[in-house]
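A short worksheet on the structure shown next.
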Number of protein chains: 2
Amino acid sequence: MSKKKDTNTEELILNAAKQVFQKKGMTGARMQEIADEAGINKAMLHYYYRSKQLLFEAVFKSAFSLLAPQLNKVINAKTSLFDKIESFTNNYISFIITHPYLPNFIIQELNRNPEFAKKLLAEKHFPNIDNFKVQVEEHIANGIIRPIKAEQLFFNIMALNIFPFVASPLLKGLTNVDDETYKKLMLERKTEVADFIINSIKVIK
Amino acid sequence: MSKKKDTNTEELILNAAKQVFQKKGMTGARMQEIADEAGINKAMLHYYYRSKQLLFEAVFKSAFSLLAPQLNKVINAKTSLFDKIESFTNNYISFIITHPYLPNFIIQELNRNPEFAKKLLAEKHFPNIDNFKVQVEEHIANGIIRPIKAEQLFFNIMALNIFPFVASPLLKGLTNVDDETYKKLMLERKTEVADFIINSIKVIK
DNA sequence: AAAAAGTTTAACCAAACGGTTAACAAAAGT
DNA sequence: ACTTTTGTTAACCGTTTGGTTAAACTTTTT
């Protein structure tokens, strides 16, 4: 057995492929461009990953398994509902600022191939909202939050956190703010979003 | 002058191109596929639209000018803020259900080419949030809503309305609901989203 | 040190791609 | 009637694309 190599080609390819696929998508990416990005011969891509499709799937799964634990924080965590919303919002926005292409990439590719989405979410024993649902229903029963379907609350949390990163060119254009100001607004959202949600659902005693 | 033709080829092409481009994006779409969809010879696409790029731009602009007046409803309308949020949410969700591919298409292509986004939003004298901003600030000054930046409120309105349609494969997977149930949830959002927003910002007297 | 296995490269290939051409058909203008 | 313009088609073209090959180089095994 073995694995010396200070330059691991397989990993080099995966990282280059990540960059190119996440920026241009499956159909927009070119194998030659990935090879150039990695600084190696194009044949290496096929040597290690056989085909564009398989290389893409490796990139996608890698991206998804980076995002999954983030999403799990809203769904499964032993903290109270409000704490959960606050910590998720704070963490998620930090996370996404360091991986700006990630959410758009995933959404784009899931839309391109929804069957792949179903397969992926099924095979990998995946974040399930059952616990979250129970928690929401308990909070409603105890009069802590106003009645709302757990699914709708979950959609709202996801939307408020993810959308401004996915739709940034549109929102930048509509609000007429420059890149720097937009980034500041995104940082503000680390607390703004959680406040907005909790304000909406909390019952005032 | 004139224009007899019961089958207007130019329009036939545009409609076919809309379908293909909105489903597969600029890079994923094929000229032959558009021709097949329209049931005509591929050379016709170039006869009427010169190139793939120009055909794409025609489709994009058409899609955008369909979405723009919808967005304008939040930004410029003479009604009160709460009315505005309620009517926009209700209208927008109805609108998007009849044009399901539209928001994702626009977001995807704006991300692919952000410069094109800037150009488009600049040339077409476009929805501007200035009026909305003034209105929000007035409401805050009058103690009707709690303090919030107009941009953040605007982002939140956009996010809550648009995101569940853009990210439907992801959200379907995570919440484990079938297509029919998902559609029901989307219809519920016609009122749910407005309530959620107003609950969050309204000052209780 | 020789053989075997693993890695890398340049050159190549067939298919798919966007786009063009030339010939033809249908309308419109005269 | 015929000439010109407009619309349409099949066949074609050069380039790009994902993928392969065969030979060379490197590392590991014996």
Side-chain angles (χ1 to χ4, degrees), chain A residues 1-63 105 108-109 112-113 115-116, chain B residues 1-63 105 108-109 112-113 115-116:
Chain A
M1 52 179 49
S2 63
K3 277 273 166 74
K4 301 284 163 57
K5 311 293 268 13
D6 41 301
T7 55
N8 184 340
T9 307
E10 192 167 344
E11 211 170 306
L12 206 69
I13 292 172
L14 193 67
N15 286 331
K18 273 181 195 171
Q19 278 194 256
V20 176
F21 275 131
Q22 291 188 15
K23 231 182 264 187
K24 310 212 166 175
M26 166 67 172
T27 58
R30 297 288 162 251
M31 294 297 268
Q32 187 58 61
E33 195 181 351
I34 295 170
D36 291 346
E37 179 73 37
I40 53 154
N41 190 285
K42 180 166 70 85
M44 288 286 90
L45 306 184
H46 294 96
Y47 181 78
Y48 284 101
Y49 293 92
R50 288 189 62 96
S51 69
K52 186 185 184 185
Q53 178 62 28
L54 288 175
L55 177 56
F56 169 78
E57 285 179 19
V59 169
F60 189 88
K61 278 174 187 168
S62 165
F105 170 68
Q108 186 181 327
E109 296 303 330
R112 199 178 58 87
N113 192 353
E115 286 167 33
F116 183 63
Chain B
M1 54 179 43
S2 66
K3 277 274 166 72
K4 303 285 164 54
K5 310 295 266 16
D6 43 300
T7 54
N8 184 338
T9 307
E10 192 168 344
E11 209 170 307
L12 206 70
I13 292 171
L14 192 67
N15 285 332
K18 272 181 195 172
Q19 277 194 257
V20 177
F21 275 131
Q22 292 188 16
K23 231 183 264 186
K24 309 211 166 174
M26 166 67 173
T27 58
R30 297 289 163 247
M31 293 298 268
Q32 187 59 60
E33 196 180 352
I34 295 170
D36 292 347
E37 178 73 37
I40 53 156
N41 190 285
K42 180 165 71 86
M44 288 286 89
L45 306 185
H46 294 97
Y47 181 78
Y48 284 102
Y49 292 92
R50 288 189 62 94
S51 69
K52 186 185 184 186
Q53 178 64 26
L54 288 174
L55 178 55
F56 169 77
E57 286 180 19
V59 169
F60 189 87
K61 280 175 186 169
S62 165
F105 170 66
Q108 185 180 327
E109 296 303 330
R112 198 177 59 87
N113 191 354
E115 287 167 33
F116 183 62

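Only a predicted model underlies this, so the values are computations on that prediction, with no experimental measurement involved. Residue numbers begin at 1 in each chain, while the letters A, B, ... track the order of the sequences.
- Put simply, CZ on B:F56 is 14 Å from P on C:dG19, counting in whole angstrom units.
- For the ring-ring contact (aromatic ring centres under 6.0 Å, His included) test, no residue two or more places apart in sequence or in another chain qualifies with B:Y47.
- Aromatic pair A:F21/A:F60: ring centres not closer than 6.0 Å.
- Not less than 6.0 angstrom separates the ring centroid of B:Y49 from the ring centroid of B:F56.
- In this structure, the CE atom of B:M44 is 15 Å from the P atom of C:dA25, given to the nearest Å.
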* Structure fact -> Given protein heavy atoms under 4.0 Å, the one-letter contact record of nucleotides 13-21 of chain D, with B base, S sugar-phosphate only and - none, is simply ----SBBBB

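- Two residues are said to be in side-chain contact when any heavy atoms from C-beta on lie closer than 4.5 Å; B:N15 and B:K18 meet this criterion.
- Rounded to a whole Å, the OH atom of A:Y47 is 15 Å from the C1' atom of D:dA23.
- Expressed to the nearest 0.5 Å, how far CE of B:M31 lies from CG of B:D36 amounts to 12.0 Å.
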* To do: Please report the C-alpha distance between B:Q53 and B:M26 in whole Å, then the side-chain angles of each, then the deciding distance to 0.1 Å, and finally whether the side-chain contact (heavy atoms from CB on, under 4.5 Å) criterion is met.
  => CA-CA 8 Å; B:Q53 178 64 26; B:M26 166 67 173; 3.4 Å; yes

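- Among B:K24, B:K52, B:K23, the single residue meeting the salt bridge (charged side-chain N to carboxylate O under 4.0 Å, His left out) criterion with B:E33 is B:K24.
- Atom CG in B:D36 sits roughly 11 Å away from atom P in C:dC17 (whole-Å rounding).
- Of the side-chain N and O atoms in B:Y48, one or more sit less than 4.0 angstrom from OP1 or OP2 of D:dT8.
- Between A:I34 and A:L55, the closest side-chain pair of non-hydrogen atoms falls below 4.5 Å.
- Computed from C1' positions of five pairs at each end, the angle between the two local axes of the helix from C:dA1-D:dT30 to C:dT30-D:dA1 equals 0°, rounded to 10 degrees.
- Distance A:L45 CG to C:dT9 C1': 13 Å, rounded to the nearest Å.
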